[in-house]
Amino acid sequence: MTTPPRTAETPQLGALPLARGAVDRGSERRVAEDLFGTILDLPSTRVMYISGGKTLIRDTGSNTSELVLQRPGPGGFGSNPVYLGRTLEAGSAAIGADIVMVTVPEPETAPAVEGARWAGLREVATTLGALDAGLFVEACAVSNWHATHTHCPRCGAPTELEQGGWVRRCPEDGSQHFPRTDPAIIVAITDPQDRILLGSAAAWPGNRYSTLAGFVEPGESLEAAVIREVAEEANVVVRNPQYLGSQPWPFPCSLMLGFCAEADGTEPQADGIEMSDVRWFTRTELTDAVAAGELTIPSSISIARNLIDRWYGGPVPEPVPAGGK
(Lines give C-alpha, C1' and ligand atoms only; values in the text may rest on other atoms or scores of the structure.)
Protein backbone atom coordinates (compact mmCIF):
# COMPACT_ATOMS: atom_id res chain seq x y z
CA MET A 1 0.00 0.00 0.00
CA THR A 2 0.98 3.65 -0.35
CA THR A 3 1.70 5.62 2.78
CA PRO A 4 -0.62 8.67 2.91
CA PRO A 5 1.07 12.01 2.19
CA ARG A 6 1.95 14.30 5.05
CA THR A 7 2.04 18.07 5.07
CA ALA A 8 5.20 19.88 6.09
CA GLU A 9 3.46 21.42 9.07
CA THR A 10 0.51 19.71 10.73
CA PRO A 11 -1.93 22.26 12.21
CA GLN A 12 -3.15 22.26 15.78
CA LEU A 13 -6.52 20.67 16.46
CA GLY A 14 -9.26 22.86 15.01
CA ALA A 15 -12.93 23.11 15.93
CA LEU A 16 -13.65 19.72 17.45
CA PRO A 17 -17.17 18.29 17.04
CA LEU A 18 -18.20 18.80 20.67
CA ALA A 19 -16.34 22.08 21.11
CA ARG A 20 -18.56 24.11 18.79
CA GLY A 21 -21.24 26.48 19.96
CA ALA A 22 -23.07 29.72 19.29
CA VAL A 23 -24.76 30.45 22.62
CA ASP A 24 -24.37 33.28 25.10
CA ARG A 25 -24.92 31.37 28.35
CA GLY A 26 -25.94 34.60 30.07
CA SER A 27 -24.37 34.24 33.50
CA GLU A 28 -25.53 37.77 34.32
CA ARG A 29 -29.13 36.86 33.45
CA ARG A 30 -29.17 33.69 35.54
CA VAL A 31 -29.08 35.64 38.81
CA ALA A 32 -32.38 37.40 38.09
CA GLU A 33 -35.08 35.89 40.30
CA ASP A 34 -37.76 36.47 37.65
CA LEU A 35 -35.69 35.07 34.74
CA PHE A 36 -38.12 32.36 33.69
CA GLY A 37 -41.17 34.56 34.18
CA THR A 38 -39.57 37.26 32.04
CA ILE A 39 -38.80 35.03 29.07
CA LEU A 40 -41.83 32.69 29.26
CA ASP A 41 -44.07 34.73 26.97
CA LEU A 42 -41.41 36.01 24.57
CA PRO A 43 -42.27 34.78 21.05
CA SER A 44 -38.68 33.64 20.45
CA THR A 45 -38.27 31.55 23.63
CA ARG A 46 -37.80 27.84 23.00
CA VAL A 47 -37.71 24.67 25.12
CA MET A 48 -35.29 21.78 24.67
CA TYR A 49 -36.65 18.58 26.20
CA ILE A 50 -34.16 16.07 27.59
CA SER A 51 -34.86 12.51 28.70
CA GLY A 52 -32.16 10.00 29.58
CA GLY A 53 -29.51 11.92 27.69
CA LYS A 54 -31.62 12.12 24.53
CA THR A 55 -33.51 14.95 22.88
CA LEU A 56 -35.83 15.45 19.93
CA ILE A 57 -34.08 15.51 16.56
CA ARG A 58 -35.34 16.12 13.04
CA ASP A 59 -33.34 14.70 10.13
CA THR A 60 -32.92 17.35 7.44
CA GLY A 61 -30.70 15.56 4.93
CA SER A 62 -28.63 12.47 4.26
CA ASN A 63 -26.14 13.46 6.96
CA THR A 64 -27.66 16.55 8.58
CA SER A 65 -30.09 17.06 11.42
CA GLU A 66 -31.31 19.74 13.80
CA LEU A 67 -32.70 20.02 17.30
CA VAL A 68 -36.46 20.26 17.67
CA LEU A 69 -36.99 23.25 19.96
CA GLN A 70 -40.56 24.03 20.99
CA ARG A 71 -42.58 26.87 22.43
CA PRO A 72 -43.33 26.55 26.16
CA GLY A 73 -46.53 24.60 26.80
CA PRO A 74 -49.67 25.80 28.65
CA GLY A 75 -48.05 24.86 31.96
CA GLY A 76 -44.98 26.99 31.30
CA PHE A 77 -41.56 25.44 31.83
CA GLY A 78 -42.66 22.97 34.48
CA SER A 79 -40.48 22.08 37.45
CA ASN A 80 -36.72 22.65 37.62
CA PRO A 81 -36.04 24.33 34.26
CA VAL A 82 -32.44 25.19 33.34
CA TYR A 83 -31.49 28.27 31.34
CA LEU A 84 -29.09 27.33 28.54
CA GLY A 85 -28.59 30.81 27.13
CA ARG A 86 -29.39 33.06 24.19
CA THR A 87 -28.58 32.07 20.62
CA LEU A 88 -25.89 34.00 18.77
CA GLU A 89 -26.65 32.64 15.32
CA ALA A 90 -29.64 31.24 13.51
CA GLY A 91 -30.27 27.52 13.44
CA SER A 92 -33.03 25.54 15.06
CA ALA A 93 -33.99 28.85 16.69
CA ALA A 94 -33.73 32.48 15.64
CA ILE A 95 -30.86 34.72 16.68
CA GLY A 96 -31.47 36.08 20.18
CA ALA A 97 -33.79 33.27 21.28
CA ASP A 98 -33.69 32.23 24.92
CA ILE A 99 -33.32 28.45 25.27
CA VAL A 100 -34.55 26.55 28.33
CA MET A 101 -33.83 22.89 29.08
CA VAL A 102 -36.65 20.87 30.61
CA THR A 103 -35.95 17.32 31.79
CA VAL A 104 -38.76 14.81 31.49
CA PRO A 105 -38.79 11.32 33.05
CA GLU A 106 -39.80 9.55 29.82
CA PRO A 107 -39.88 10.69 26.18
CA GLU A 108 -43.63 10.08 26.11
CA THR A 109 -44.14 12.81 28.70
CA ALA A 110 -42.80 15.50 26.35
CA PRO A 111 -44.97 17.06 23.63
CA ALA A 112 -44.94 14.89 20.52
CA VAL A 113 -43.65 16.38 17.27
CA GLU A 114 -44.44 14.83 13.92
CA GLY A 115 -41.34 13.81 11.99
CA ALA A 116 -39.06 14.02 15.02
CA ARG A 117 -37.21 11.26 16.86
CA TRP A 118 -35.31 10.93 20.12
CA ALA A 119 -31.53 10.61 19.74
CA GLY A 120 -28.42 10.79 21.90
CA LEU A 121 -25.48 13.16 21.47
CA ARG A 122 -23.03 10.47 20.32
CA GLU A 123 -25.39 9.51 17.51
CA VAL A 124 -25.99 12.95 15.99
CA ALA A 125 -23.16 15.25 17.11
CA THR A 126 -21.44 15.37 13.72
CA THR A 127 -24.72 15.94 11.86
CA LEU A 128 -25.69 19.04 13.85
CA GLY A 129 -24.70 22.63 13.14
CA ALA A 130 -22.60 24.61 15.61
CA LEU A 131 -25.57 26.11 17.47
CA ASP A 132 -27.36 22.81 17.97
CA ALA A 133 -24.20 20.86 18.82
CA GLY A 134 -23.28 23.39 21.49
CA LEU A 135 -26.77 23.37 22.99
CA PHE A 136 -26.88 19.56 23.10
CA VAL A 137 -23.46 19.28 24.76
CA GLU A 138 -24.40 21.90 27.34
CA ALA A 139 -27.77 20.31 28.06
CA CYS A 140 -26.31 16.82 28.30
CA ALA A 141 -23.62 17.91 30.76
CA VAL A 142 -25.82 19.98 33.07
CA SER A 143 -28.64 17.41 33.08
CA ASN A 144 -26.15 14.71 34.10
CA TRP A 145 -25.01 16.89 36.98
CA HIS A 146 -28.54 17.50 38.22
CA ALA A 147 -29.36 13.78 38.02
CA THR A 148 -26.45 12.83 40.27
CA HIS A 149 -26.29 15.78 42.68
CA THR A 150 -29.77 16.01 44.12
CA HIS A 151 -28.65 16.15 47.78
CA CYS A 152 -26.24 18.26 49.78
CA PRO A 153 -22.84 16.53 50.16
CA ARG A 154 -22.45 18.12 53.59
CA CYS A 155 -25.68 17.19 55.36
CA GLY A 156 -27.64 15.05 52.89
CA ALA A 157 -30.63 17.39 52.61
CA PRO A 158 -32.37 17.71 49.21
CA THR A 159 -31.07 20.75 47.36
CA GLU A 160 -33.01 23.42 45.48
CA LEU A 161 -32.23 24.96 42.09
CA GLU A 162 -31.20 28.60 41.84
CA GLN A 163 -29.67 30.97 39.28
CA GLY A 164 -31.37 29.56 36.24
CA GLY A 165 -30.60 25.99 37.24
CA TRP A 166 -26.84 26.49 37.51
CA VAL A 167 -26.64 26.43 41.31
CA ARG A 168 -28.06 23.94 43.81
CA ARG A 169 -28.51 25.42 47.30
CA CYS A 170 -28.97 23.43 50.47
CA PRO A 171 -31.93 24.86 52.46
CA GLU A 172 -30.52 23.41 55.69
CA ASP A 173 -26.98 24.79 55.80
CA GLY A 174 -27.16 27.39 53.01
CA SER A 175 -24.24 25.92 51.05
CA GLN A 176 -24.11 26.40 47.28
CA HIS A 177 -23.08 23.66 44.87
CA PHE A 178 -22.03 24.15 41.24
CA PRO A 179 -21.81 21.90 38.16
CA ARG A 180 -18.80 19.61 38.17
CA THR A 181 -16.27 19.21 35.37
CA ASP A 182 -13.51 16.59 35.60
CA PRO A 183 -10.36 17.44 33.56
CA ALA A 184 -8.75 14.54 31.74
CA ILE A 185 -5.69 14.50 29.51
CA ILE A 186 -5.52 12.52 26.28
CA VAL A 187 -2.28 12.24 24.35
CA ALA A 188 -0.88 11.18 20.98
CA ILE A 189 2.61 9.81 21.70
CA THR A 190 5.13 9.39 18.89
CA ASP A 191 8.64 7.94 18.76
CA PRO A 192 11.71 8.78 16.59
CA GLN A 193 10.28 6.55 13.81
CA ASP A 194 7.08 8.65 13.92
CA ARG A 195 5.03 5.69 15.13
CA ILE A 196 2.01 6.34 17.36
CA LEU A 197 1.35 4.59 20.67
CA LEU A 198 -2.18 3.21 20.99
CA GLY A 199 -3.73 1.08 23.68
CA SER A 200 -6.71 -1.17 24.25
CA ALA A 201 -8.48 -0.66 27.59
CA ALA A 202 -9.43 -3.75 29.55
CA ALA A 203 -13.01 -2.48 29.91
CA TRP A 204 -13.57 -2.00 26.16
CA PRO A 205 -15.46 -4.59 24.14
CA GLY A 206 -13.83 -6.01 21.03
CA ASN A 207 -10.40 -5.05 19.75
CA ARG A 208 -10.61 -1.28 20.04
CA TYR A 209 -7.46 0.87 20.23
CA SER A 210 -7.13 4.54 21.08
CA THR A 211 -4.74 7.16 22.38
CA LEU A 212 -3.89 7.00 26.08
CA ALA A 213 -5.88 9.14 28.52
CA GLY A 214 -6.51 9.66 32.21
CA PHE A 215 -7.93 12.03 34.78
CA VAL A 216 -5.88 14.87 36.25
CA GLU A 217 -5.30 14.34 39.96
CA PRO A 218 -5.69 17.07 42.62
CA GLY A 219 -2.67 19.36 42.79
CA GLU A 220 -1.31 18.12 39.45
CA SER A 221 -0.48 20.07 36.30
CA LEU A 222 -1.75 18.91 32.94
CA GLU A 223 1.78 18.16 31.73
CA ALA A 224 2.53 16.12 34.85
CA ALA A 225 -0.68 14.18 34.32
CA VAL A 226 0.39 13.31 30.76
CA ILE A 227 3.75 11.96 31.96
CA ARG A 228 2.25 10.05 34.90
CA GLU A 229 -0.65 8.45 33.02
CA VAL A 230 1.53 7.16 30.18
CA ALA A 231 4.06 5.75 32.64
CA GLU A 232 1.31 4.04 34.64
CA GLU A 233 -0.58 2.56 31.70
CA ALA A 234 2.23 1.75 29.25
CA ASN A 235 5.52 1.95 31.18
CA VAL A 236 6.76 4.51 28.67
CA VAL A 237 8.58 7.72 29.61
CA VAL A 238 7.41 10.72 27.59
CA ARG A 239 8.77 14.24 27.28
CA ASN A 240 7.79 17.60 25.86
CA PRO A 241 3.99 17.43 26.26
CA GLN A 242 2.38 20.04 24.00
CA TYR A 243 -1.23 21.19 24.36
CA LEU A 244 -3.28 20.97 21.15
CA GLY A 245 -6.92 21.62 22.04
CA SER A 246 -9.87 20.52 24.14
CA GLN A 247 -13.50 19.56 24.00
CA PRO A 248 -16.16 18.69 26.58
CA TRP A 249 -17.07 15.03 26.94
CA PRO A 250 -20.36 15.05 28.87
CA PHE A 251 -20.47 11.30 29.51
CA PRO A 252 -21.00 12.29 32.24
CA CYS A 253 -18.85 15.35 33.05
CA SER A 254 -15.33 15.36 31.58
CA LEU A 255 -13.28 17.97 29.76
CA MET A 256 -10.78 16.25 27.46
CA LEU A 257 -7.50 18.15 27.06
CA GLY A 258 -5.57 16.97 24.01
CA PHE A 259 -1.77 16.75 23.91
CA CYS A 260 1.01 15.34 21.82
CA ALA A 261 4.25 14.10 23.39
CA GLU A 262 7.46 12.34 22.45
CA ALA A 263 8.99 9.03 23.58
CA ASP A 264 12.20 7.20 22.71
CA GLY A 265 10.51 4.10 21.28
CA THR A 266 10.80 1.93 24.37
CA GLU A 267 8.78 -1.27 24.06
CA PRO A 268 5.53 -0.53 25.96
CA GLN A 269 4.09 -2.78 28.64
CA ALA A 270 0.38 -2.67 29.47
CA ASP A 271 -0.38 -2.37 33.16
CA GLY A 272 -2.82 -5.28 32.93
CA ILE A 273 -5.39 -3.36 34.97
CA GLU A 274 -6.61 -0.41 32.94
CA MET A 275 -4.91 -1.43 29.69
CA SER A 276 -4.91 -4.93 28.24
CA ASP A 277 -2.50 -4.04 25.41
CA VAL A 278 -0.37 -1.12 24.23
CA ARG A 279 1.75 -1.01 21.10
CA TRP A 280 3.37 1.16 18.48
CA PHE A 281 1.82 1.55 15.03
CA THR A 282 3.24 2.87 11.79
CA ARG A 283 0.76 4.42 9.38
CA THR A 284 0.91 1.34 7.17
CA GLU A 285 0.33 -1.00 10.11
CA LEU A 286 -2.63 0.99 11.37
CA THR A 287 -4.16 1.30 7.89
CA ASP A 288 -3.86 -2.42 7.23
CA ALA A 289 -5.20 -3.45 10.66
CA VAL A 290 -8.24 -1.17 10.39
CA ALA A 291 -8.94 -2.25 6.80
CA ALA A 292 -8.77 -5.92 7.79
CA GLY A 293 -11.09 -5.39 10.75
CA GLU A 294 -8.38 -6.54 13.17
CA LEU A 295 -8.98 -3.46 15.28
CA THR A 296 -11.26 -0.45 15.49
CA ILE A 297 -10.45 3.14 16.33
CA PRO A 298 -12.57 5.85 17.99
CA SER A 299 -15.39 7.64 16.20
CA SER A 300 -15.00 11.07 14.63
CA ILE A 301 -16.75 12.89 17.49
CA SER A 302 -13.91 12.05 19.90
CA ILE A 303 -10.77 14.06 20.46
CA ALA A 304 -8.91 10.73 20.36
CA ARG A 305 -9.83 10.25 16.71
CA ASN A 306 -8.83 13.80 15.88
CA LEU A 307 -5.43 13.21 17.51
CA ILE A 308 -4.97 10.00 15.50
CA ASP A 309 -6.02 11.67 12.24
CA ARG A 310 -3.68 14.58 12.94
CA TRP A 311 -0.74 12.19 13.25
CA TYR A 312 -1.90 10.16 10.25
CA GLY A 313 -2.07 13.22 7.99
CA GLY A 314 -5.81 12.96 7.32
CA PRO A 315 -8.75 10.68 8.11
CA VAL A 316 -7.75 7.06 8.66
CA PRO A 317 -9.61 4.98 6.04
CA GLU A 318 -12.19 2.65 7.51
CA PRO A 319 -14.15 -0.25 5.99
CA VAL A 320 -17.56 0.70 4.59
CA PRO A 321 -20.32 -1.01 6.63
CA ALA A 322 -22.38 -3.64 4.87
CA GLY A 323 -25.07 -1.86 2.89
CA GLY A 324 -23.20 1.46 3.15
CA LYS A 325 -22.07 3.70 0.34
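All values below come from the heavy atoms of this structure, side chains included, with hydrogens, waters and symmetry mates left out. Throughout, numbering of the chain's residues begins at 1 and tracks the sequence. Bear in mind that the values here come from a model prediction, so they are computed numbers and not experimental data.
- Judged purely by atom type and a 3.5 angstrom limit, Ser254 has no side-chain atom pairing as donor or acceptor with the backbone of Ala184.
- The environment of CD in Glu33 is sparse: at most 12 heavy-atom neighbours from other residues, nucleotides or ligands sit within 6.0 Å.
- Taking the centre and axis of the six-membered ring of Trp166, the NZ or CZ atom of Arg30 falls inside the cone set by 45° and 6.0 Å.
- When each of Ile301, Leu255, Ile186, Thr181 is paired with Trp249, the side-chain contact (heavy atoms from CB on, under 4.5 Å) condition holds for Ile301 and for no other.
- A donor-acceptor contact under 3.5 angstrom links the side chains of Ser92 and Asp132, judged on distance only.
- Although no hydrogens or angles enter the test, the distance criterion places no donor-acceptor pair under 3.5 Å between the side chain of Trp204 and the main chain of Ser210.
- Considering only heavy atoms from C-beta on, Val187 comes within 4.5 Å of Val230 through its side chain.
- Electrostatic pairing of Glu223 and Arg239 does not count as a salt bridge here, judged by no charged N lying under 4.0 Å from a carboxylate O.
- Using a cut-off of 4.0 Å between Lys/Arg side-chain N and Asp/Glu carboxylate O, Glu114 and Arg58 are scored as not salt-bridged.
- Comment: Arg228 engages Glu220 in a salt bridge, judged by a side-chain N to carboxylate O separation of less than 4.0 angstrom.
- Each of Glu162, Glu160, His146, Gln176 was checked for a side-chain hydrogen bond (donor to acceptor under 3.5 Å, both in side chains) with Arg168, and the lone residue meeting it is His146.
- In this structure, Arg169 contributes its side chain and Gly174 its backbone to a donor-acceptor pair below 3.5 Å.
- In this structure, Arg208 places its CZ atom where more than 12 heavy-atom neighbours from other residues, nucleotides or ligands lie under 6.0 Å away.
- Looking at Arg46, its side chain does come within 3.5 Å of a backbone N or O of Pro43 through a donor-acceptor pair.
- Both the sub-6.0 Å distance and the 45° axial angle are not jointly satisfied by Arg29 relative to the ring of Tyr83.
- In terms of hydrophobic clustering, with Ile, Leu, Val, Met, Phe, Trp and Tyr side chains grouped at heavy-atom distances under 4.5 Å, Phe259 and Leu244 are assigned to different clusters.
- Side-chain N or O atoms of Asn306 include one that pairs as donor or acceptor with a backbone N or O of Ser302 at under 3.5 Å.
- Shortest non-hydrogen contact noted between Ser246 and Ile303 is CA-CD1, 4.1 Å.
- Residues Trp311 and Arg283 are in side-chain contact: their nearest non-hydrogen atoms beyond the backbone lie under 4.5 Å apart.
- The residues Arg86 and Asp24 are annotated as not salt-bridged, no charged nitrogen and carboxylate oxygen being separated by less than 4.0 angstrom.
- One hydrophobic cluster, built from ILVMFWY side chains closer than 4.5 Å, holds both Leu121 and Leu131.
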Subject >> Audit row: Glu318, Arg305, salt bridge (Lys or Arg N to Asp or Glu O under 4.0 Å) steps and yes/no >> reply: CA-CA 12 Å; Glu318 294 184 83; Arg305 179 57 181 272; 2.8 Å; yes
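- Tyr49 and Val124 fall into different hydrophobic clusters, defined by Ile, Leu, Val, Met, Phe, Trp and Tyr side-chain heavy atoms under 4.5 Å apart, directly or through other members.
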